Amino acid sequence: MNVAENDPEQADVAYYLLARTIAESDPERAAEYTIKAANLGHGTSECLLSFGYAHERATGVSSMARFVPQLPKDFEKSRHWSNKCSNGPFAGYREQHFKKYEAAKNHKAYAKSANKHRTYLSQFASPEIAASVVGELCKLGAQIKEIEDECVIVSIDGEWVDYTRAPPLPERVGGLEDLLMSNARTNFNGKFQTAPEPKVFAQGPLGNWASSANPNASLEAVTQLAIKNCQNNWRYEKYGSACEVVNVNGEWVK
């Protein structure tokens, strides 16, 4: 404490060491000292605050500190300190990947699992659908990588959200609202509506879709082609987003 209060050149390290020493016995003061160390420019303390305000466990070099300050959730402060410690606005941030998300069009969402897995998709019919589908996609990707941390949404339509748990995938209601992607709705309202019968529209739970129409083929053949085309997609091939028929000859199927 004497060094912290009287030696400006070593004060940041001293406050950090004090915080680490009393993290278990006096977590409130440990958080206070971590903030003081960070305000003096101590890099590890800056990173620890980013984890502490987000209620995440420390990873990477920061995990060597052996503690995370106990702080109230404040994601704006978490992003501030994460940027200060050069981790980007959140743990696991990858600038090139996130910039691609920011440039994507229509409704979109970005999800992450700890600092190990990140994913986004765009072109959804609504922000709510974007959040639910991207959350499910993140969960499936984390399972493949055997990551136990929960997936959370950090951005919707380019706006920050506070580590929001993704809503469940929407249930089918038997109408245009069942179509998840904006281009699927455009296709349905245009080309599919005017196509000759028999015609079939198919969709998977992660948004892959396809339509098929052929007046010279049977309904069974048109259905099989719609399912095949719908599943000829990375969402099915990598994540098992199996397609189902949602509309036959203009009639919705629940």
Side-chain angles (χ1 to χ4, degrees), residues 51 54-57 59-60 75 87-173 177-185 187 201-211 226-247 253-254:
F51 292 115
H55 288 196
E56 285 194 334
R57 68 178 185 274
T59 56
F75 293 98
N87 279 345
F90 55 82
Y93 176 78
R94 294 292 181 273
E95 182 176 10
Q96 185 178 13
H97 191 249
F98 197 79
K99 292 298 183 184
K100 288 181 180 179
Y101 157 75
E102 290 184 313
K105 305 298 183 182
N106 287 356
H107 297 299
K108 57 192 177 183
Y110 195 101
K112 78 182 195 76
S113 179
N115 69 337
K116 303 174 183 177
H117 182 67
R118 301 156 301 279
T119 190
Y120 76 89
L121 283 177
S122 61
Q123 305 293 331
F124 288 100
S126 74
E128 294 78 16
I129 292 174
S132 63
V133 176
V134 171
E136 182 67 17
L137 180 66
C138 178
K139 182 175 72 174
L140 293 171
Q143 288 174 353
I144 291 173
K145 295 182 178 179
E146 299 182 346
I147 299 170
E148 296 180 358
D149 298 87
E150 181 183 23
C151 280
V152 291
I153 306 296
V154 298
S155 179
I156 298 175
D157 281 357
E159 299 293 330
W160 292 115
V161 295
D162 292 340
Y163 286 24
T164 303
R165 179 178 294 178
L169 292 173
E171 295 184 6
R172 295 206 347 234
V173 298
E177 297 83 359
D178 290 344
L179 301 183
L180 305 177
M181 310 302 293
S182 59
N183 57 359
R185 296 188 183 188
N187 178 279
F201 207 105
Q203 180 178 247
L206 295 181
N208 44 318
W209 65 273
S211 63
I227 294 289
K228 178 182 177 182
N229 290 341
C230 181
Q231 295 184 168
N232 184 25
N233 183 279
W234 63 267
R235 291 174 175 86
Y236 174 72
E237 295 168 356
K238 187 172 182 179
Y239 297 105
S241 181
C243 297
E244 296 179 339
V245 171
V246 295
N247 191 285
V253 179
K254 286 190 64 176

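Since the model is a prediction, treat every value here as computed from it, not as a measurement.
- At least one donor-acceptor pair closer than 3.5 Å links the side chain of Asn233 to the backbone N or O of Arg235.
- Two residues are said to be in side-chain contact when any heavy atoms from C-beta on lie closer than 4.5 Å; Phe90 and Glu56 fail this criterion.
- Between the OG atom in Ser113 and the CZ atom in Arg118 there is a gap of 10.0 Å [rounded to 0.5 Å].
- Using a cut-off of 4.0 Å between Lys/Arg side-chain N and Asp/Glu carboxylate O, Lys254 and Asp178 are scored as not salt-bridged.
- The nearest pair of heavy atoms linking Ile153 to Ala131 is CD1-O, 3.6 Å.
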Note to self: Working note: Asn187 + Phe201, criterion side-chain contact (heavy atoms from CB on, under 4.5 Å); need CA distance, chi angles, decisive distance, verdict.
What the structure shows: CA-CA 10 Å; Asn187 178 279; Phe201 207 105; 3.5 Å; yes
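- Among all heavy-atom pairs drawn from Leu180 and Pro205, the shortest one is CD1-O, 3.5 Å.
- Using cut-offs of 30° and 60° for the angle between ring planes, the Trp160 and Phe98 rings count as parallel.
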Check: residues 132-145 side-chain donor-acceptor pairs under 3.5 Å, at least two apart:
from	atom 1	to	atom 2	distance (Å)
Ser132	OG	Glu128	O	3.4
Ser132	OG	Ile129	O	3.0
Glu136	OE1	Lys139	NZ	3.3
Lys145	NZ	His117	ND1	3.1

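- Judged purely by atom type and a 3.5 angstrom limit, Gln231 uses its side chain to pair as donor or acceptor with the backbone of Cys243.
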Check: Please walk me through it: do Phe51 and Thr59 pass side-chain contact (heavy atoms from CB on, under 4.5 Å)?
Finding: CA-CA 9 Å; Phe51 292 115; Thr59 56; 3.7 Å; yes
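- With hydrogens and angles disregarded, a donor-acceptor distance shorter than 3.5 Å links the side chain of Ser241 to the backbone of Leu206.
- Separating the CZ atom in Phe75 from the OG1 atom in Thr164 is a distance of 8.0 Å, to the nearest 0.5 Å.
- For the atom pair CZ (Arg94) and NZ (Lys100), the distance works out to 13.5 Å, reported to the nearest 0.5 Å.
- Scored by the side chain to side chain contact (heavy atoms under 4.5 Å, CB included) test, Glu95 finds Tyr93, Lys99 as partners (sequence neighbours excluded).
- To the nearest 0.5 Å, the span separating OH on Tyr163 from NZ on Lys112 amounts to 4.0 Å.
- When atom types are taken as modelled, the side chain of Asn208 and the backbone of Cys230 share a donor-acceptor pair closer than 3.5 angstrom.
- Under the 4.5 Å side-chain criterion, counting only non-hydrogen atoms from C-beta, Glu237 is in contact with Asn232.
- Asn183 meets the side chain to side chain contact (heavy atoms under 4.5 Å, CB included) test with Met181, Trp209; sequence neighbours excluded.
- Annotation: cation-pi pair Lys108/Tyr120 absent, no NZ/CZ under 6.0 Å from the ring centroid and within 45° of its normal.
- With hydrogens and angles disregarded, no donor-acceptor distance shorter than 3.5 Å links the side chain of Tyr101 to the backbone of Thr119.
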